[in-house]
S.K.: 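The structure follows.
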Amino acid sequence: MNSFNKLNIIKNIKNLDFKAKKSFGQNFLIDNNICSKIASSIPEKFNDTVIEIGPGFGTLTYILAKKFKQVLSIELDNKLYSFVSKKMSDLKNIKFINQDALKVNINDIIFSNFQNFSSVVLCANLPYCITTPVLTKFLKSDLIDYITVMVQKEAAERITAPLGDRSCGAISYFARYYSNPKINFHVSKNCFFPAPKVDSTVISFEKIKNPNCKNEELLFKIIKLAFEKRRKNILNSIFLNFNFKKEFIFEILKKCNLDKNMRAENLKLEDFINISNLISCNF
Ligand code: SAM
């Protein structure tokens, strides 16, 4: 069963008359040690239930099935879905669904596939192109307790960057609002077939209780717009994107003890929360 190396993956690709699709981020792991390291990086206390996105040929899925009581694996590609669900049909603790992970309703798939669960983890070797939408969707979900995903190295560095660091962006604030993000380890592009152009990094997010924010949609809109034009100061960023007088924004910044010339990257998460809470009172 556990025969996932480069030769076997190539054999499967040939037998299935399969062509790896760039648009689905189909770079398959060919190093079992990396799969084991990914699974081991998830703390024991979350060993109950896991959702995997994109099993591919099942390299990581197989190792997750050994660690977790129940596994739900979501594959968008029809051929891979048929292959992997047949190949792993002997393993009774795994279910596969042939859907787009970006379109599933997380509550529905959890309650319709798992009877009892003490915690739910998301684990995936993610297609690079869906990193941000997947993280946005699963970090927001109250049912997800822990996330471990492999993403492009540069994306990992941005997502986990300390707030205030030059490399951080809106996604870094989003991640810190919902979790404690951290880098686990880096993975060379040579551990995949076909090899991607860039190296990867495995990152984890332990969910935290959300800070006290009155309007999350507004908070993330302010942060996103501020980072889209990060050279503008915060006063102008809010002024140009919302229908408020400059004096009003100036008053809000004063109440938050912020200088109007500060830029997005100088603001703490609490600063953005305070600004959005004060603005939301005037909506
Ligand atoms: N887990 C396998 C591995 O590590 O070798 C495959 C990882 S490969 C980087 C990404 C996988 O995600 C592919 O199997 C691809 O078909 C699947 N995929 C791509 N977009 C998806 C989506 N929106 N929903 C579910 N699966 C998706």
Side-chain angles (χ1 to χ4, degrees), residues 1-13 16 18-42 50-68 71-88 91 94-106 108-109 113 121-138 141 147-153 155-156 184-185 187-203:
M1 165 66 71
N2 193 9
S3 50
F4 302 104
N5 56 36
K6 186 171 175 181
L7 269 181
N8 279 310
I9 299 275
I10 293 174
K11 219 160 81 189
N12 287 332
I13 287 180
L16 276 179
F18 183 83
K19 198 167 181 313
K21 297 180 194 70
K22 256 196 181 162
S23 59
F24 281 13
Q26 289 174 338
N27 303 99
F28 303 100
L29 267 169
I30 49 172
D31 185 335
N32 277 314
N33 292 331
I34 300 295
C35 295
S36 302
K37 264 179 95 175
I38 294 174
S40 314
S41 68
I42 302 166
V50 66
I51 297 176
E52 183 193 20
I53 295 176
F57 290 101
T59 324
L60 176 61
T61 321
Y62 178 75
I63 288 173
L64 293 176
K66 288 203 285 185
K67 178 177 171 111
F68 287 86
V71 182
L72 175 69
S73 196
I74 312 169
E75 177 56 64
L76 178 59
D77 188 293
N78 300 340
K79 260 192 184 173
L80 289 177
Y81 165 76
S82 304
F83 173 86
V84 76
S85 49
K86 210 179 285 165
K87 181 168 181 180
M88 299 205 172
L91 298 178
I94 309 187
K95 288 183 185 172
F96 292 94
I97 52 175
N98 187 196
Q99 286 184 37
D100 182 341
L102 295 177
K103 294 195 179 141
V104 296
N105 177 306
I106 299 178
D108 287 353
I109 58 164
N113 287 287
V121 169
L122 172 74
C123 184
N125 167 15
L126 278 181
Y128 295 152
C129 50
I130 61 169
T131 299
T132 302
V134 164
L135 289 178
T136 309
K137 183 174 174 128
F138 283 79
S141 166
I147 298 177
T148 290
V149 285
M150 175 141 60
V151 302
Q152 195 174 331
K153 190 170 175 223
N184 292 327
F185 57 94
V187 180
S188 155
K189 48 181 168 282
N190 300 324
C191 297
F192 301 86
F193 181 83
K197 289 204 172 76
V198 289
D199 291 327
S200 295
T201 297
V202 175
I203 50 179

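Order of appearance sets the numbers: ligands from 1, and atoms from 1 within every ligand. Because the structure is predicted, anything quoted here is derived from the model rather than measured.
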S.K.: Would you please write out the protein residues whose heavy atoms approach any atom of ligand 1 to under 4.0 angstrom, listed by chain and number?
M.R.: F24, G25, Q26, N27, F28, L29, E52, I53, G54, P55, G56, T59, I74, E75, L76, D77, L80, Q99, D100, A101, N125, P127, I130

S.K.: Using 0.5 Å steps for rounding, measure from the CD1 atom of I38 to the CD1 atom of I63.
M.R.: 8.5 Å

S.K.: For K11, does the NZ atom sit with more than 12 other heavy atoms under 6.0 Å from it, leaving out its own atoms?
M.R.: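 Incorrect, the count does not exceed 12.
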
S.K.: Are V121 and L64 side-chain neighbours, meaning at least one heavy-atom pair lies under 4.5 Å?
M.R.: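 No, their side chains stay 4.5 Å or more apart.
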
S.K.: Within the supplied structure, the quantity of interest is the number of heavy atoms (other residues, nucleotides, ligands) at a distance under 6.0 Å from K22 NZ; does it exceed 12?
M.R.: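 No, not enclosed.
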
S.K.: Show the nearest heavy-atom pair for residues L102 and K137, with the distance to one decimal.
M.R.: O-NZ, 3.0 Å

S.K.: For T201 and F185, what are the C-alpha separation, side-chain angles and deciding distance, and is it a side chain to side chain contact (heavy atoms under 4.5 Å, CB included)?
M.R.: CA-CA 6 Å; T201 297; F185 57 94; over 6 Å; no

